[in-house]
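Read the numbers this way: they start at 1 and go in the same order the structure lists the ligands and their atoms. Owing to the predicted nature of the structure, the values given are computational and were not obtained by experimental measurement.
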Amino acid sequence: MRPSILYPLFSPIDTLTGVGQRYMQLVGNLCGTKVIDLLWHLPSGYIDRRCGIPLIQAHNGQIWTGKVRVIEHVVPKTKKQPYRIIVEDESEQLTLIFFKTYGDSLTKQYPVGAERIISGKIEIFNNALQMPHPEYTVDASFPEQMPQIETVYPLTAGVTNKMLNKLMLQAQRNVPQIAEWVDEKMLRSKGWTDFHSALWQVHHPQNIIDLEPNSPARQRLAYDELLANQLSLAIVRGRLKKQKGRTLCGDGHLRQKLLSYLPFSLTDAQKRVIAEIESDMAANYKMSRLLQGDVGSGKTIVALITMLNAVECGTQAAIMAPTEILAQQHADSMNDLCSIIGVRTALLTGNVKGKARKQILESLKNGEIDILIGTHALFTDDVAFKDLAYVIIDEQHRFGVRQRLNLSQKGKDCDVLVMTATPIPRTLVLTQYGDMEYSKIDELPAGRKPTTTTVMPLSKIHAVVDALQRKIASGTQAYWVCPLVEESEKIDLSAATERYENLQKHFGSQVGLVHGKMKESEKNAVMEDFKNGKIKLLVSTTVIEVGVNIPAATIMIVEHAERFGLAQLHQLRGRIKRGQEASICILMYGFPLSEISRQRLNTMKQTEDGFLIAEEDLKLRGGGEILGRKQSGFNNFRLANLSAHGDLLLTATKDAAFILNQDPNLSSPRGQSLRTLLYLFERDEMIRTYKAG
Ligand code: ADP
Ligand code: MG
């Protein structure tokens, strides 16, 4: 239960004065509808409204604030003319200009002879100073009514900065004094204040430095958020470790046999991660491990070998891919090897229906299938195993964090391995997968040829088509990747279908097309034709992104490469590294190309190291892009920013481990405050999800 001290922060903002339903919706779109959401909405700037220079020194465009005396009102003769009020300070005259504002209100606010402090934007027109609609006007006897420094927030239509500032002040009055959760020593060494003051400070910047992510107040709040994140993940991880699992430790006879049939020997990295996985499987807790390995690093064989460990123990294993194409591909490559060593596999997808499906379900229940390969159809209710002990989820980022939690709960005491080919920067691994153990294949099999990457404008498309014609005539296959079809109405994208028709003129029936809107069976048929060489040039949207393995395809052309994320381009490019031949990737961009886009495409040209590319992508685009925009459970931090606060994250990780080691139940006084912290950043939900399962 949320501690009552936090109630005021979690009440809806329409409990604040001046907020009705409509306004709540507007502010809701901007930052959220709870008081705390307002507080997490950080300023982007400030306006200095301290009185400073005399009018005579004011320059065009400047926000000027100062004391003036009202000289005279110039009432307009026609409705089109503005209303003018002449004011002056000791140095110069200024004309206040009001459009569509007349009469009483102005006479009341600016009586002739009265002294006012005004603030607004100066314009110089015909050598005279004017100020259209002052932003603030206060009686000179109450100077404290003028905000000295006005905080500027990111806004949305219908929400003014003035109004938002008023709400923020109210919200800040709702912030309770909470007992400190940050370690005393750390506070001192970092020069941080308490939470309450830090929150006040970030909302009242006094200079440019206060707005930087590394100002002490912003750092402190970022740390709070990161600590809440790391602590909650560490708690879940600790709970998992306590969940009893099975001890899977086979005698190795199947694995040995398999290795003797492999045409290659495992890389050191593969051997290392297999050992890590197997030691988890052998332990009596439930495994929950993330296996990361760049495209082509050989995860499939790692998956198979560890599944054989389960099979050697007389139990069953399952591997789940995000699409039917990928499930089919796993089945193809695993079936061959498994049948040689006498291990029984089956493929179960949504396409397997009727009698065939019944047969598989039957065999599964009887234990006549050792390894089941499939899509999420694996986890529909009618699928029952005789004794499932090990589940592998391939290409995890397509599933989302929440789904991962649900899945591992379905398999009860199963060991779970999640495999992903997306190189994920360390900071993201910590924040998104901190509940799991972690293995990384950081080495590619020897003998891989590098890919030559070229960056060129779309205007050179004819030259590319010519070159492609020669390559294809000599037997090479190629991918042609287009940006998304769906958006084509809105933006002028060269949609995949259009490109396909266009390329047909050059390549005739050698061109095929796959896109996300096609039925799975149609997609499969096209992929099959591409695999067996009937199709030489495959036009596609990013459906080919993950995992597809076609060794003869060594050329890739990406249209509007500037619209893709780097991690995505890296995934795509990985498709053409499957064969023995050197591969070519052509990244074509449209105009105008921003400086950042140019930089990004250059990164692609310069390196093939997925981890380096991912770090770069994180810097340029932020974490959500790397893990996939639609990633359901992706934590967007409100205050922390992983490129600016990466080192704080590492500190938070260590601190969380230390805390749980000292006080596993968070029962000490600091532990109690830390509980409040978890609620403050709404990390309680994740912990509860796990408890329920
Ligand atoms: P990914 O990690 O992208 O899933 P795969 O498991 O599909 O990579 O492996 C890519 C290719 O490399 C496959 O053809 C596989 O047989 C081959 N391979 C895997 N491990 C090795 C190795 N140690 N030496 C040589 N080739 C390997
Ligand atoms: Mg794979």
Side-chain angles (χ1 to χ4, degrees), residues 255-256 258-277 289-308 317 319-323 325-341 345 371 373 375 392-399 417-424 438-451 477 479 527 531 542 544-554 556 567-583 585 608-611 613-614:
R255 284 170 281 177
Q256 243 122 58
L258 178 87
L259 287 175
S260 72
Y261 284 112
L262 280 185
F264 49 77
S265 50
L266 298 177
T267 61
D268 287 343
Q270 283 171 318
K271 286 182 199 156
R272 194 191 62 242
V273 302
I274 289 172
E276 286 165 1
I277 296 165
R289 184 175 281 274
L290 174 69
L291 171 61
Q292 231 195 330
D294 209 340
V295 177
S297 61
K299 292 182 294 297
T300 314
I301 198 73
V302 170
L304 183 55
I305 287 173
T306 53
M307 286 197 287
L308 290 179
I319 178 164
M320 183 168 105
T323 66
I325 293 178
L326 288 168
Q328 180 70 54
Q329 196 169 286
H330 276 318
D332 291 348
S333 61
M334 289 186 185
N335 277 342
D336 290 348
L337 288 167
C338 285
S339 61
I340 301 175
I341 60 173
T345 64
I371 293 177
I373 301 157
T375 51
I392 299 180
I393 304 170
D394 192 8
E395 311 296 3
Q396 150 69 23
H397 64 292
R398 289 295 170 97
F399 289 110
L417 180 72
V418 164
M419 302 202 298
T420 173
T422 312
I424 310 172
Y438 172 61
S439 292
K440 174 169 160 185
I441 309 183
D442 51 7
E443 172 190 11
L444 294 182
R448 290 277 159 80
K449 299 254 171 35
T451 304
Q477 285 177 274
Y479 295 100
M527 290 311 286
K531 217 181 220 170
T542 46
I544 60 155
E545 182 184 343
V546 184
V548 176
N549 195 1
I550 295 166
T554 54
M556 173 167 291
Q568 207 178 6
L569 287 176
H570 178 69
Q571 288 286 308
L572 285 168
R573 189 169 59 180
R575 298 305 114 220
I576 51 173
K577 277 184 83 79
R578 297 302 170 120
Q580 291 306 309
E581 245 179 86
S583 50
C585 176
E608 286 190 71
D609 180 334
F611 285 94
I613 289 171

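When Lys299, Arg575, Lys271, Gln270 are checked for heavy-atom proximity to atom 1 (P) of ligand 1, Lys299 turns out nearest.
Residue Leu258 comes nearest to Ile341 through the heavy atom pair N-CG2, 3.9 Å, listed as atom of the first residue, atom of the second, then distance. Looking at every heavy atom in both residues, Ala582 comes nearest to Thr554 through O-CB, 4.0 Å.
For the pair Gly293 and ligand 1, no heavy-atom separation below 4.0 Å is found. At least one heavy atom of Ser297 sits closer than 4.0 Å to an atom of ligand 1.
Ligand 1 places these atoms under 4.0 Å from at least one heavy atom of Leu266: 23 (N). Applying the 4.0 Å criterion to heavy atoms of Ser265 picks out, from ligand 1, the atoms 22 (C), 23 (N), 24 (N). Near Thr300, with a cut-off below 4.0 Å to any heavy atom, the atoms of ligand 1 are 4 (O), 5 (P), 6 (O), 7 (O). Of all atoms in ligand 1, listed by their number and element, those nearer than 4.0 Å to a heavy atom of Asp294 are 2 (O). Interface atoms of ligand 1 facing Thr267, defined by a heavy-atom separation under 4.0 Å, are 23 (N).
Of the candidates Leu291, Ile392, Asp394, Ile393, Ile393 is the only one forming a side-chain contact (heavy atoms from CB on, under 4.5 Å) with Val418.
Although no hydrogens or angles enter the test, the distance criterion places no donor-acceptor pair under 3.5 Å between the side chain of Glu608 and the main chain of Pro450.
Listed by chain and residue number, nothing satisfies the side chain to side chain donor-acceptor pair (under 3.5 Å) test with Thr375 (two or more places apart in sequence, or in another chain). For Gln256, there are no side-chain contact (heavy atoms from CB on, under 4.5 Å) partners two or more places apart in sequence or in a different chain.
Here Leu417 contributes atom CG and Ser439 contributes atom OG; the two are 7.5 Å apart, rounded to the nearest 0.5 Å.
Here Ile441 has no heavy atoms under 4.0 Å from ligand 1, in either its backbone or its side chain.
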